[in-house]
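Right, one structure below, let's go through it.
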Amino acid sequence: MSDTYSKAQTAADFILAKTTLRPRIGVVLGSGLGSFADELADPIAIPFQEIPGFPRSTAEGHAGRLVIGNVGNVAIAAMQGRVHLYEGYKFEDVIFPMRVMGRMGIKGTVLTNAAGGISEKLEQGCLVILNDHINLQGANPLVGPNDSRFGLRFFDMGNAYHPPWRQLALREATRIGINVHEGVYVAVPGPSYETPAEIRAFRVLGGDVVGMSTVPEVIAARHMEIKVLAISCVTNLAAGIGSDPLNHQEVLEVGMRVRDGFVALLKAVIPQMAAEL
Ligand code: HPA
C-alpha cells in the first residue's frame with residue numbers, strides 16, 4: 001500500500017473528510033499570488049504538513065496550505081504555494097499534490113506562477129496565458145514504471161493547455177482591463193536565475209516566459225486527463241533584457257501589485273470553466 005496511487009488516495013480521503021465540498025477545479029497559486037485563496041467563501045484551510053505524504057513548501061512567498069472553498073457556487077481546492085525541484089524535492093514530490101487533486105476528483109486545474117519575460121512584447125506586471133511549454137528541467141516527471149490507474153504510458157501533449165480555456169482567459173482578462181498576452185513557458189530547474197546567454201537561447205527556441213515550476217504539474221495533470229489553464233505573472237524581464245539584477249523580493253512585490261487584477265480574472269474564469277466540466 002505504499003505506492004503513489006495509494007498515498008495520493010489516502011491524502012485525498014484525509015482532505016475530503018474535512019469538508020462537505022467536492023471541488024472539481026484545483027488551483028495552484030505561485031509566488032506572491034496566494035491571496036486569491038483568502039477570498040474564497042466558506043473556506044477551510046489545511047496546512048500542507050498536516051496532509052499525509054504532502055511535501056512542505058520552503059519558498060518564501062508560499063504560505064504552504066490547501067484552502068477549500070467556493071468561488072460563486074463552484075467549489076475549488078486552492079494550493080497556496082507549491083514545492084519546486086530547486087528545494088531539493090524529487091519530481092515525484094513535486095507532482096504529488098496534483099496526484100492528490102486527481103484522486104479528489106478534480107477535472108480541471110488552474111496553474112499560476114511568477115515568471116521572467118523573454119518576449120519583447122512583455123512588460124513587468126503583465127499576465128501571460130500559456131499556450132505551450134518547453135521542458136528544460138532535465139527530465140520528465142513520469143519516468144519510471146507507469147501506473148495505469150493514473151493514465152496511459154504514452155499520451156498526447158498537443159493541446160496540453162486547453163484551447164477553450166485559453167480563449168476564455170484572454171477574453172476575460174481583456175474585459176477586466178489586464179495587460180495580457182499568450183505565450184510559451186520555458187521551465188528550468190533553478191534556483192539561480194538564468195544568464196543573459198541562456199535567455200537569448202530560449203528566445204531562439206520560441207520561449208516567451210521562463211520559470212522554475214508548473215511544467216511537471218501540467219504533465220501529471222494531462223496524464224490524468226485533467227484539463228489545464230496556466231497563467232504566468234511576469235514579475236521581471238528575464239536576464240539581460242532589463243538592466244537591473246534579478247531578485248526574489250521584486251518577484252514577490254510585483255505579485256502583490258497585480259493581485260487585484262489577478263484575483264478578478266480567476267473569479268471571472270473559474271465559474272465558466274466549471275460549466276464545461
Ligand atoms: N527566471 C526564472 N524564474 C523566475 C523568473 C525568472 O526571471 N522570475 C520569476 N520566476
Side-chain angles (χ1 to χ4, degrees), residues 27-36 57-64 79-89 91 94-95 110-139 141 161 178-219 229-259 261-262 265:
V27 181
V28 180
L29 299 164
S31 298
L33 302 172
S35 61
F36 170 69
S57 171
T58 65
E60 196 193 333
H62 286 254
M79 284 175 56
Q80 277 179 318
R82 56 155 64 84
V83 300
H84 308 79
L85 288 178
Y86 63 72
E87 294 171 79
Y89 287 106
F91 274 118
V94 171
I95 66 172
V110 187
L111 299 169
T112 71
N113 59 57
I118 299 174
S119 161
E120 271 154 26
K121 58 182 190 228
L122 303 178
E123 291 165 355
Q124 196 176 42
C126 74
L127 299 185
V128 178
I129 311 300
L130 303 188
N131 55 21
D132 210 339
H133 72 230
I134 298 172
N135 180 12
L136 296 181
Q137 290 194 325
Y161 298 83
I178 293 169
N179 181 0
V180 69
H181 299 270
E182 255 198 297
V184 173
Y185 181 89
V186 179
V188 293
S192 60
Y193 290 115
E194 300 67 42
T195 64
E198 286 168 339
I199 294 301
R200 288 194 298 276
F202 297 168
R203 179 181 281 160
V204 172
L205 291 178
D208 296 300
V209 285
V210 58
M212 305 174 190
S213 67
T214 306
V215 161
E217 294 144 290
V218 172
I219 294 170
L229 173 67
I231 307 171
S232 288
C233 169
V234 175
T235 52
N236 56 279
L237 299 184
I241 296 179
S243 47
D244 299 340
L246 307 189
N247 68 83
H248 189 57
Q249 204 48 45
E250 181 179 40
V251 168
L252 298 183
E253 278 165 19
V254 175
M256 297 287 278
R257 193 138 56 73
V258 304
R259 180 203 142 109
F262 181 76
L265 177 61

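Note that ligands are numbered from 1 as they come in the structure, with each ligand's atoms numbered from 1 the same way.
Counting protein heavy atoms only, atom 5 (C) of ligand 1 is closest to Gly116 N, 3.4 Å. Atom 3 (N) of ligand 1 has Gly211 CA, 3.4 Å as its closest protein atom, hydrogens excluded (heavy atom only). Regarding atom 10 (N) of ligand 1, its nearest protein heavy-atom neighbour is Ala114 O, 3.3 Å. Looking only at heavy atoms of the protein, atom 2 (C) of ligand 1 is closest to Glu194 OE2, 3.3 Å.
Summarising the geometry, atom CD belonging to Glu250 is positioned 8.5 Å from atom CZ belonging to Arg257; distances are rounded to the nearest 0.5 Å. Annotation: the span from Tyr185 atom OH to Ser213 atom OG amounts to 3.5 Å, rounded to 0.5 Å. The line from CD of Glu194 to CE of Met212 is 5.5 Å long, rounded to the nearest 0.5 Å. In this structure, the separation between CG on Leu265 and CG on Leu229 is 8.0 Å, given to the nearest 0.5 Å. For the atom pair Glu253 CD and Asn236 CG, the distance stands at 12.0 Å (nearest 0.5 Å). For the atom pair CZ of Phe262 and CG of Leu33, the computed distance is 4.5 Å after rounding to the nearest 0.5 Å.
Side-chain atoms of Arg259 never come within 3.5 Å of backbone atoms of Ser35 as a donor-acceptor pair (strictly under, hydrogens ignored).
Those atoms of ligand 1 that come under 4.0 Å of a heavy atom in Thr235, given as number and element, are 8 (N), 9 (C). Listed by number with element, the atoms of ligand 1 under 4.0 angstrom from any heavy atom of Leu246 are 7 (O). If you number the atoms of ligand 1 from 1 as listed, the ones under 4.0 Å from a heavy atom of Met212 come out as 2 (C), 3 (N).
Under 4.0 Å from ligand 1, not a single heavy atom of Val188 appears. Contact annotation for Val210 and ligand 1: heavy atoms of both the backbone and the side chain come within less than 4.0 Å of the ligand. Only backbone heavy atoms of Ala115 (N, CA, C or O) come within less than 4.0 Å of ligand 1; its side chain stays farther off. For Asn236, every heavy-atom contact with ligand 1 shorter than 4.0 Å involves the side chain, none the backbone.
Side-chain contact between Val215 and Leu136: absent, with no pair of heavy atoms (C-beta onward) separated by less than 4.5 Å.
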